[in-house]
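Predicted model only: the values in this text are computed from it and were never measured. Labels below follow one simple rule: chain letters A, B, ... track the order of the sequence lines, proteins then strands, and each chain is numbered from 1.
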Number of protein chains: 2
Amino acid sequence: MPLRTTVSGNETPRLRARGRRATPESPVSTARSIDSMSAPTSYGRNEPIFFEGDPADSIYKVESGCVRTYNTLDSGPRQLVSLYLAGDFFGLEGGDHHVVSAETTTASKIHVIKRRALMARKDNAAMIRNLLDLTAKDLRRAQRHNLLLLKGAQERVIGFLLDMQEREHGQNEIALHMTRRDIADYLGLTIETVSRTLSRLESESAISLPSPWRVVLNDPGMLN
Amino acid sequence: MPLRTTVSGNETPRLRARGRRATPESPVSTARSIDSMSAPTSYGRNEPIFFEGDPADSIYKVESGCVRTYNTLDSGPRQLVSLYLAGDFFGLEGGDHHVVSAETTTASKIHVIKRRALMARKDNAAMIRNLLDLTAKDLRRAQRHNLLLLKGAQERVIGFLLDMQEREHGQNEIALHMTRRDIADYLGLTIETVSRTLSRLESESAISLPSPWRVVLNDPGMLN
DNA sequence: CGTCACATTGAACCTCTTCAAGCGCCGTGG
DNA sequence: CCACGGCGCTTGAAGAGGTTCAATGTGACG
């Protein structure tokens, strides 16, 4: 097993949970689409965004970074429901109260969009249709994740990497934006299994691991 | 291991895939809500409703029976994405084409609702909002299913039973509407594991199995 | 330099799968 | 009418894959 000569980038996985530092509120945008309706809020690593049970009066868009949603009601090990990367919307489950909690997995910028602000707009019918499209997209993502969880460990990890690659503009070098624990909790595996699987894929030169938070897919097509 | 003196009901799990027999089309309803916009179509057991790749020009509501959605693209063992019971809507994933296939698991009646018919109505803004609510509900269901798949075999089966109970009006005796294979493919287990787990739960008198397609939860609260 | 969080690696254990056999119900046909 | 065969379900024993427990490695920061 080759010892990795790690050259870590600036994505240092380090807990720096200072309080959230809201950027000053900009005047309400008159933009046509849901995004960019407000200035993004900056979050540190592992900072909560909302909790299960909170009133669900806003939806959210990831400007940069990464957000995990999870369920606290079920005791035992943490189980992630979803991961959201730059460009993704979350908090779309509907209902009066959130059914999951949301936290950043790394330093992130998040747009917070009040539902009332959406509905108050002249073009609110278009907004609802926009919301519908976003929710349907999240549904498709959840269903694809379901399929992934019906497979074995190696296929889960590979599926995760391919999904991440697709969501990160198709580059072969992808930034994970999260720790092994997040990956494991998202895939229903242990961190040991995730680590071993990645190591094996690297030893088979299917991937490279320049640093723990970076993965290079040497042959994305081969991974299927 | 007590031999079960099975007294089969009329839910005989038997292939009887006669051709679909559409009920005569009723005049377009002027009802206020999405459901009951058309007369239901009757399907036999294991009959396809739509296939992955078909144009998604309709949404569907289960009047009675049960529908499974699954993915055929990934080779290997069949993997169910979702199960829909009486009262549930499906086909809400959005997009121009279906990303899953849908089949009945048992004789069923299904409402087929054209999207165009929805959008053509005077109150189509309300219809879209209705669609949004239904899609968000399906999303919540998919996310709950995700959580289930992150657990062990016994918890999956118990979670499945509790989910079914909740969806069948909270009665303690529930009809499964499907075979062990469907359950296994939905939970990511083998039929043997499902069968064994149910047998063990019965031997611990947590449940009773009057017939393979019927389950009685002796103490729903205890199962958590 | 020492500490801390995260990641990796090894070995024993356990759960679920795989393979195999048998049972019960039902429909069919001799 | 009963024998046969298909299908679904159950049960057992061996095997593989992932977890658990434990130790070590690595980089960042004070």
Side-chain angles (χ1 to χ4, degrees), chain A residues 1-18 44-46 76-77 79 105-107 149-157 176-185 187-203 207 209-215, chain B residues 1-18 45-46 76-77 79 105-106 149-157 176-185 187-203 207 209-215:
Chain A
M1 304 304 108
L3 277 213
R4 189 166 308 105
T5 53
T6 305
V7 179
S8 80
N10 56 356
E11 72 281 356
T12 314
R14 200 109 209 105
L15 182 62
R16 199 180 308 125
R18 41 169 164 54
R45 199 163 92 96
N46 292 324
Q79 302 180 314
T105 68
T106 186
L149 294 179
L150 298 175
K151 308 190 196 233
Q154 174 160 328
E155 283 171 298
R156 290 192 210 189
V157 173
L176 293 183
H177 297 299
M178 71 195 80
T179 65
R180 296 286 184 270
R181 167 137 307 285
D182 286 324
I183 300 172
D185 293 347
L187 298 179
L189 301 170
T190 60
I191 56 176
E192 291 95 334
T193 300
V194 172
S195 183
R196 269 187 264 270
T197 304
L198 289 173
S199 296
R200 180 152 28 86
L201 289 175
E202 189 185 28
S203 79
I207 65 173
L209 294 166
S211 91
W213 282 33
R214 293 198 162 272
V215 183
Chain B
M1 306 298 111
L3 276 213
R4 189 165 308 105
T5 54
T6 307
V7 179
S8 80
N10 55 357
E11 74 280 355
T12 314
R14 200 115 205 97
L15 183 61
R16 200 179 307 126
R18 41 169 165 52
R45 197 163 95 93
N46 291 325
Q79 303 181 311
T105 69
T106 185
L149 295 180
L150 298 175
K151 308 189 196 240
Q154 174 159 328
E155 282 170 300
R156 290 192 209 188
V157 173
L176 293 183
H177 297 297
M178 71 195 79
T179 65
R180 296 285 184 274
R181 169 137 304 285
D182 286 324
I183 300 173
D185 294 344
L187 297 180
L189 301 170
T190 60
I191 57 176
E192 294 95 331
T193 301
V194 172
S195 182
R196 269 187 263 270
T197 306
L198 289 174
S199 296
R200 179 152 30 84
L201 289 175
E202 189 184 29
S203 80
I207 65 174
L209 294 166
S211 90
W213 283 34
R214 294 198 160 273
V215 183

Quiz item: Should Ser195(B) be listed as having a side-chain N or O under 4.0 Å from OP1 or OP2 of dT11(D)?
Solution: no
Practice problem: Send over the distance from Asp182(A) CG to dA7(C) C1', rounded to a whole Å. | Solution: 14 Å
Exercise. Only counting residues at least two apart or in another chain, list the ones meeting side-chain contact (heavy atoms from CB on, under 4.5 Å) with Thr193(A).
Key: Ala153(A), Leu189(A), Thr190(A), Thr197(A)
Quiz item: Can you name the residues that form a side-chain contact (heavy atoms from CB on, under 4.5 Å) with Asp182(B), not counting sequence neighbours?
Solution: Arg68(B), Arg78(B), Leu80(B), Thr105(B), Met178(B), Thr179(B)
Table of protein N/O atoms under 3.5 Å from nucleotides 19-23 of chain D N/O atoms:
from    : atom 1 : to        : atom 2 : distance (Å)
dT19(D) : OP2    : Thr190(A) : N      : 3.4
dT19(D) : OP2    : Thr190(A) : OG1    : 3.2
dT19(D) : OP2    : Thr193(A) : OG1    : 2.4
dT20(D) : O4     : Arg196(A) : NH2    : 2.9
dC21(D) : N4     : Glu192(A) : OE2    : 3.2

Quiz item: What's the CG-C1' distance between Leu198(A) and dT26(D), to the nearest Å?
Solution: 17 Å
Exercise. With sequence neighbours left out, write down each residue that passes side-chain contact (heavy atoms from CB on, under 4.5 Å) with Gln79(B), or none if nothing qualifies.
Key: Leu147(A), Leu150(A), Lys151(A), Asp74(B)
Quiz item: If you take all heavy atoms of Leu198(A) and Ile207(A), which pair is closest and at what distance?
Solution: O-CD1, 3.7 Å
Self-check item: Short side-chain N/O contact from Arg200(A) to OP1 or OP2 of dG18(D), under 4.0 Å
Solution: no
Quiz item: CZ of Arg214(A) versus P of dA7(C): gap in Å, rounded?
Solution: 15 Å
Quiz item: CD1 of Ile183(A) versus P of dT8(C): gap in Å, rounded?
Solution: 9 Å
Quiz item: Once you round it to whole Å, what is the distance between C1' of dG8(D) and CD1 of Ile191(B)?
Solution: 8 Å
Quiz prompt | With Arg200(B) via salt bridge (charged side-chain N to carboxylate O under 4.0 Å, His left out) - residues at least two apart | solution = none
Quiz item: Of the candidate nucleotides dC9(D), dT11(D), dT8(C), which contains the atom at the shortest distance from the side chain of Trp213(B)?
Solution: dC9(D)
Practice problem: Looking only at non-hydrogen atoms, find the nearest pair between Trp213(B) and His177(B) and report the distance. | Solution: CZ3-C, 3.6 Å
Exercise. Round to the nearest Å and state the distance from Glu202(A) atom CD to dA7(C) atom P.
Key: 15 Å
Quiz item: Residues two or more places apart in sequence or in another chain: which of them pass side-chain contact (heavy atoms from CB on, under 4.5 Å) with Ile191(B)?
Solution: Arg180(B), Arg181(B), Ala184(B)
Exercise. Report the distance from atom CZ of Arg180(B) to atom P of dT17(C), rounded to the nearest whole Å.
Key: 15 Å
Self-check item: Length of the line joining Gln154(B):CD and dT17(C):P, which is rounded to integer Å
Solution: 14 Å
